[in-house]
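Below: one structure, written as structure tokens.
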Number of protein chains: 2
Amino acid sequence: MSKKEQLLVIAEDMVRSGGYNSVSFRTLAESAGIKSASVHYHFPTKADLGAALAERYTENFLSSLGTPKALQASGKNPIDVFISLFRHALSVDKKMCLCGMLGAEFDGLPEKVRIATRVFFNKNIEWLTLAFQSVSRRDELEARKAATSLIAQLEGALLISVALEDEAIFETAIKNRSNTQ
Amino acid sequence: MSKKEQLLVIAEDMVRSGGYNSVSFRTLAESAGIKSASVHYHFPTKADLGAALAERYTENFLSSLGTPKALQASGKNPIDVFISLFRHALSVDKKMCLCGMLGAEFDGLPEKVRIATRVFFNKNIEWLTLAFQSVSRRDELEARKAATSLIAQLEGALLISVALEDEAIFETAIKNRSNTQ
DNA sequence: GTCTATAATTTGATAGAC
DNA sequence: GTCTATCAAATTATAGAC
């Protein structure tokens, strides 16, 4: 793993724990075993780092998912697969979704980071819209509404589970939903 | 309004926009027309300020609600009243719920602020549990699950609406829910 | 790519006068 | 309650050597 990628991994954890402003180039550099000036070589400004974090998170998220069609072809429910990625954020990482955190802090973020954060949500709503259409043949508008609702529910379930340090809350919040298919 | 309360009002807005770490005693003091040293008179440390913010927010929230029984007695659905308070945060303030923001940043907060944040959620879950019991006579455990689910859904709906700057998303996310009563 | 050195600013916080 | 003055530490960022 390149040093740049190491920095992204560490910084992601920091943002997901305490938010964008909880990351400093110095503490990030220390955790990576280099000096803060070297971090600036990889990411000229903090906004560049923030945007790179959101972009990398989005790429990783979408590539973990695959396509709704491929999932369905292999006998899996794409909606369940999507939910399980959020469950992973909680049960393994014990942290917020990176873009959920950035979304909450949206108004206080540099433009560059805001844009990259929004891409995460737009692309995932797009993915889920396709998924809802393919599992239940509803029209595009209804599928998009279900997609947006589900993402909101998942981000909220993560947030409350993190704040109350209770993973069971996530399951409760997901079971009680109206859009299983 | 006392200066201390002024500070709380301004700081609340700041946290709700950019998170706990986006508030500095200097910018807060400037907005209130005093010096940062004077802010320390009212709130010795930043953790004291953060805890006071969460406590005040919780008190205001609960007193705006009244009791589920009183609401029902006056012909209102307490669940709808609860939802409308979250709607207000979005449509009027155009901001996250204060404790939703603090909940997301939970791991990065001072102990004092964490505790006060949790009180918000616990008290509101308590309130909603009573509300669900009184409108639909379900048993306490099921009512509590519905309560937790609803809060998660509302925080998530706020988060996504803020991030995508689209108030309609909040309504979509709330309409598609399974726990209307 | 990483370092040292450094600049300019900001931060949370304190002491003591008024 | 608010101020001035001040502090030590931290912050983002740059210049230039290796």
Side-chain angles (χ1 to χ4, degrees), chain A residues 1-56 101-102 105 107-117, chain B residues 1-56 101-102 105 107-117:
Chain A
M1 186 161 52
S2 71
K3 186 59 77 175
K4 183 168 187 173
E5 215 170 355
Q6 263 186 63
L7 289 169
L8 288 169
V9 170
I10 299 167
E12 180 185 305
D13 258 25
M14 289 175 167
V15 174
R16 289 175 66 187
S17 292
Y20 179 80
N21 289 311
S22 77
V23 177
S24 87
F25 274 52
R26 263 199 176 50
T27 57
L28 173 57
E30 273 166 31
S31 294
I34 58 175
K35 298 293 172 181
S36 74
S38 305
V39 178
H40 282 281
Y41 168 79
H42 297 287
F43 308 100
T45 70
K46 192 172 171 183
D48 291 323
L49 169 64
L53 282 174
E55 285 158 14
R56 175 175 169 277
M101 179 69 83
L102 295 176
E105 301 175 317
D107 292 347
L109 296 176
E111 182 76 359
K112 237 184 159 174
V113 186
R114 268 190 273 189
I115 291 171
T117 300
Chain B
M1 187 162 51
S2 71
K3 186 59 79 175
K4 183 168 186 172
E5 213 171 354
Q6 262 186 62
L7 289 168
L8 287 169
V9 169
I10 298 167
E12 180 185 304
D13 258 25
M14 287 175 167
V15 174
R16 289 175 66 186
S17 293
Y20 178 79
N21 289 311
S22 76
V23 178
S24 86
F25 274 54
R26 267 202 173 48
T27 57
L28 172 57
E30 272 166 32
S31 294
I34 57 176
K35 298 293 171 180
S36 75
S38 305
V39 178
H40 281 282
Y41 168 79
H42 297 287
F43 308 101
T45 70
K46 192 173 171 183
D48 292 322
L49 170 63
L53 282 175
E55 285 158 14
R56 175 176 169 277
M101 178 69 82
L102 295 176
E105 301 176 316
D107 291 347
L109 296 176
E111 182 76 359
K112 237 185 159 173
V113 186
R114 268 190 275 189
I115 290 170
T117 300

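Every chain is numbered from 1, with letters handed out A, B, ... down the list of sequences.
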Produce a footprint string for nucleotides 4-18 of chain D: one letter per nucleotide, 5' end first; B if the base is under 4.0 Å from any protein heavy atom, S if only the sugar-phosphate is, - if neither. B-B----BBBB----

Apply side chain to side chain contact (heavy atoms under 4.5 Å, CB included) to residues A/Ser2 and A/Glu5 and explain how you reach the verdict. CA-CA 5 Å; A/Ser2 71; A/Glu5 215 170 355; 3.5 Å; yes

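Counting heavy atoms from C-beta on, the side chains of A/Leu49 and A/Val113 never come closer than 4.5 Å. A/Met14 is listed as a side-chain neighbour of A/Ser31, based on a closest heavy-atom distance under 4.5 Å.
Taking a cutoff of 4.0 Å between a charged side-chain nitrogen and a carboxylate oxygen, A/Arg16 and A/Glu12 qualify as a salt bridge.
Taking every heavy atom of both residues into account, A/Ala52 and A/Phe43 meet most closely at CB-CE2, 3.8 Å. Between A/Val39 and A/Ala29, the closest heavy-atom pair is CG2-CB, 3.7 Å.
Distance alone, capped at 3.5 Å, is enough to place a donor-acceptor pair between the B/Arg114 side chain and the B/Leu109 backbone.
Whole-Å rounding puts the A/Lys3 NZ to C/dC3 C1' distance at 13 Å. In this structure, CD of B/Glu5 is placed 13 Å from P of D/dG1, rounded to the nearest angstrom.
Distances shown here put a side-chain N or O of A/Tyr41 below 4.0 Å from the OP1 or OP2 atom of C/dG1.
Of the residues in residues 6-17 of chain B, none has a non-hydrogen atom less than 4.0 angstrom from any atom of DNA chain C.
In this structure, B/Lys35 is not positioned above the aromatic face of B/Tyr41 in the sense of NZ or CZ being under 6.0 Å from the six-membered ring centre and within 45° of the axis.
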